[in-house]
Amino acid sequence: MESNTKKALLNEQRELAEEVLDIYSLKVFSILDLLLFSIFFGLLLHPLLPSLWLNLLLPVVFFITFTALLQILDMFHKKS
């Protein structure tokens, strides 16, 4: 789509564009991205780690750590 067409569409349907941006910025998508990356991280580590516990523990710790970091950054963003 050309940039002129995008600009014209945004100007004509401002409310629809704002709703799409609100949905796109939901925290659910960030958490789903973290979950998928954690699974991918676990699959990448699978041949390198000898223990099944480490294979499961590292992606879970990664997911929990970065989800908590996302929550903390969101709290600071809302305060300012």
Side-chain angles (χ1 to χ4, degrees):
M1 191 183 289
E2 294 178 13
S3 88
N4 292 337
T5 310
K6 287 181 186 177
K7 289 178 183 177
L9 182 64
L10 285 176
N11 287 336
E12 290 173 8
Q13 299 182 359
R14 188 66 137 176
E15 293 175 11
L16 181 62
E18 288 175 1
E19 286 181 27
V20 168
L21 290 175
D22 287 341
I23 290 171
Y24 182 72
S25 66
L26 287 176
K27 198 184 309 183
V28 172
F29 293 115
S30 300
I31 292 175
L32 284 175
D33 284 343
L34 273 173
L35 179 66
L36 289 174
F37 188 75
S38 297
I39 292 169
F40 181 69
F41 182 59
L43 290 173
L44 283 176
L45 288 177
H46 179 68
L48 300 174
L49 298 174
S51 171
L52 178 64
W53 290 107
L54 279 177
N55 239 353
L56 294 174
L57 184 65
L58 285 177
V60 169
V61 168
F62 177 85
F63 177 75
I64 291 171
T65 303
F66 282 96
T67 304
L69 184 64
L70 179 68
Q71 297 291 334
I72 291 168
L73 290 175
D74 191 41
M75 284 189 317
F76 284 129
H77 181 70
K78 285 183 180 179
K79 284 183 181 179
S80 61

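Position 1 is the first residue of the sequence, and the numbers go up from there. Bear in mind the structure is a predicted one, so any value in this text is a computation, not a measurement.
Follow the hydrophobic side-chain contacts under 4.5 Å out from I31 and you reach I39 in the same cluster. L69 and L58 fall within the same hydrophobic cluster, where Ile, Leu, Val, Met, Phe, Trp and Tyr residues are linked whenever their side-chain heavy atoms come under 4.5 Å apart, directly or through other members. L34 and F37 fall within a single hydrophobic cluster, where Ile, Leu, Val, Met, Phe, Trp and Tyr side chains are chained together by heavy-atom contacts under 4.5 Å. Under the 4.5 Å side-chain heavy-atom criterion for Ile, Leu, Val, Met, Phe, Trp and Tyr, L49 and L57 are members of distinct hydrophobic clusters. W53 and L44 fall into different hydrophobic clusters, where Ile, Leu, Val, Met, Phe, Trp and Tyr residues are linked whenever their side-chain heavy atoms come under 4.5 Å apart, directly or through other members.
How far CG of N55 is from CG of L48: 9.0 Å, rounded to the nearest 0.5 Å. How far CG of L52 is from CG of L56: 4.5 Å, rounded to the nearest 0.5 Å. We find the NZ-CG distance between K27 and D33 to be 14.5 Å, quoted to the nearest 0.5 Å.
Considering every non-hydrogen atom in both P59 and S38, the closest pair reads CB-O, 3.4 Å.
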- Task: Would you sort out whether T65 and F62 count as a side chain to side chain contact (heavy atoms under 4.5 Å, CB included), showing the intermediate values?
- Result: CA-CA 5 Å; T65 303; F62 177 85; 6.0 Å; no
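The aromatic ring centroids of F41 and F63 lie 6.0 Å or more from each other.
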